[in-house]
2 protein chains.
Amino acid sequence: MSTSEVERARAPWRRDAQKRHDRLIEAARREFAARGVDASLERIAREAGVAIGTLYRHFPTRLDLLVAAFEPRLQEFLEGAEKAMEMDDPWEGFVYYMENLFRAQAGDRGFNDFLSRRFPSSPETERIHDQVCHQIEAVLTRAQEAGKARPDIAMADIVNLIWSNGRMIDATSVTAPNAWRRHLYLMLDAYRAERAHPIPEAPMTDEQLYDAMVQLNKVD
Amino acid sequence: MSTSEVERARAPWRRDAQKRHDRLIEAARREFAARGVDASLERIAREAGVAIGTLYRHFPTRLDLLVAAFEPRLQEFLEGAEKAMEMDDPWEGFVYYMENLFRAQAGDRGFNDFLSRRFPSSPETERIHDQVCHQIEAVLTRAQEAGKARPDIAMADIVNLIWSNGRMIDATSVTAPNAWRRHLYLMLDAYRAERAHPIPEAPMTDEQLYDAMVQLNKVD
DNA sequence: GGAATACATGAGGCACCCCTCCGGTTCCAT
DNA sequence: ATGGAACCGGAGGGGTGCCTCATGTATTCC
């Protein structure tokens, strides 16, 4: 809906091209959501009732299609994130942020993958990922400065939670679609400042984190 | 080593067959460890310097090869588990069990997958998985009865940790090979009785858990 | 040493997937 | 209404993987 308006404004497209473009995005949304970011492009084209060559004409790379398909879910996520920042209680804000994040992962396998990985070849997705990292940093720091979140954790630990949750969702989305929520609240108990116990390993550095997110693209 | 002795005793094999059998298992160990349980069988055969038909002759299904290849790592894991049961302090035992478990996952991508999934078609692996579930149940219950582990958690929650850790390892094994340990100790803080806050979702049932572990075979 | 048997080989069928390229089609402006 | 630009289709080349089976080879035992 918002997509077609924006896109239509962008260029004076032929009407048939516009129609196929829209159908491709719809099919991509379904397939990515159901099968993750590695979904078959040929299948998406088939699903959209369009030839594979046409898909490549509209979206030269997988990431182009990905970005177009995730737009609405990304907006939804960012709105929730903004709300978290505005909450009075820093801990409540942190909890709200995490629940919003985990829910976004749970709703869409593609978006789940998207949040877990990075795609160095795409400046557009890199920008989005940087933004999310900054959000996490901010919401966590605020909760720490209020004395509610334990001070010995870092952004990398939250990314670890994203990976954890991503896998939980892969396992449970069919069988126990709300299981992620239990896991989240259990994890939150680990992040509270009260009675925290020391951790015998340092958090990952920013480089390690980045490389690890890229690594997930290679893991089958 | 222990494998070849056992196998040699099992049947009066031709010497060349024995040699190829051993080479296949070695190659399988390497490949499963590096690429997970979905590693290419053709590649394993190539790696072993053997034709694909020969692989299938020795191991009619992938699971047959898997079981043969994981034998030593499974033994290692079970020994650690036994030690955990024998520790005096129930909480120490729980921690030791979890660290042993996570370390086993970290050391071998195939074993990592193996612990996260179930394979309904193989009675042999089902037996192993049942055994692990019982161990978890025992070591957790003991820590709970001693008042050290929070009483509102269940075996399913530990399996969630297995999934979480499995994904963390996929992400970090190349980049930050000890990251899983930090995550574990953070998680342990969530399991302590003293820190517990209520959780707004029930644990997964046994059926849900089983189905979820099977589901992971289908997720790409 | 030779026959019988156990074993190994690898081409080949099938099913996916990625991506390109060019002949044919559709649309729109004139 | 028609020419030319924009667009589309889909065959095809290259790759991976699973698994089978007819054919050829090695070993063992007499």
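In what follows, every chain begins at residue 1, and chains take the letters A, B, ... in the order their sequences are listed. Every value quoted in this text rests on a predicted model; they were computed, and no experiment measured them.
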Relative to the ring of A:His58, is the ring of A:Trp13 parallel (under 30°), tilted (30 to 60°) or perpendicular (over 60°)?
->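 Perpendicular: the ring planes of A:Trp13 and A:His58 meet at over 60°.
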Going by the angle between their ring planes, with limits at 30° and 60°, are A:Phe114 and A:Phe119 parallel, tilted or perpendicular?
->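 It falls in the parallel class, under 30°.
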Looking at [X], does any N or O in its side chain come under 4.0 Å of the phosphate oxygens OP1/OP2 on [N]?
X: B:Thr54; N: C:dC7; result: no
X: B:Arg62; N: D:dC18; result: yes
X: A:Arg15; N: C:dC28; result: yes
X: B:Ser40; N: D:dT16; result: no
X: A:His58; N: D:dC8; result: yes

Could you check A:Ile52 against B:Gly53 and say which one's nearest nucleotide on DNA chain C is further toward the 5' end?
-> B:Gly53
Could you tell me how far apart [X] ([atom1]) and [N] ([atom2]) are, to the nearest whole angstrom?
X: B:Tyr56; N: D:dG17; atom1: OH; atom2: P; result: 11 Å
X: A:Glu31; N: C:dC16; atom1: CD; atom2: P; result: 14 Å
X: B:Gln18; N: C:dA6; atom1: CD; atom2: P; result: 17 Å
X: A:Arg57; N: D:dA6; atom1: CZ; atom2: C1'; result: 6 Å
X: A:Asn217; N: C:dC18; atom1: CG; atom2: C1'; result: 17 Å
X: A:Leu55; N: C:dT20; atom1: CG; atom2: C1'; result: 14 Å
X: A:Asp38; N: D:dT16; atom1: CG; atom2: C1'; result: 15 Å
X: B:Arg20; N: C:dG10; atom1: CZ; atom2: P; result: 10 Å

Does the C:dT26 base have a donor-acceptor partner in the side chain of A:Arg14 within less than 3.5 Å?
-> yes
Determine whether any donor atom in the side chain of B:Glu42 lies under 3.5 Å from an acceptor atom in the base of D:dC19, or the reverse, and answer yes or no.
-> yes
Heavy-atom check, side chain of A:Phe70 versus side chain of A:Ile128, under 4.5 Å | no
Compare the minimum distances between each of D:dG17, C:dC18, D:dC8 and the side chain of A:Leu41, then state the nucleotide with the smallest one.
-> C:dC18
Checking C:dC27, C:dC17, D:dT27 against the side chain of A:Asp16 (C-beta onward), the nearest is C:dC27
Shortest non-hydrogen contact from A:Phe59 toward A:Ala68 | CE2-CB, 3.9 Å
Would A:Asp113 and A:Ser116 count as a side chain to side chain donor-acceptor pair (under 3.5 Å) if you check the C-alpha gap in whole Å, the side-chain angles of each, and the deciding distance to 0.1 Å?
-> CA-CA 5 Å; A:Asp113 289 345; A:Ser116 300; 5.6 Å; no
What is the nucleic acid contact for A:Arg43, judged by heavy atoms within less than 4.0 Å: base, sugar-phosphate only, or nothing?
->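 It contacts nothing in the nucleic acid.
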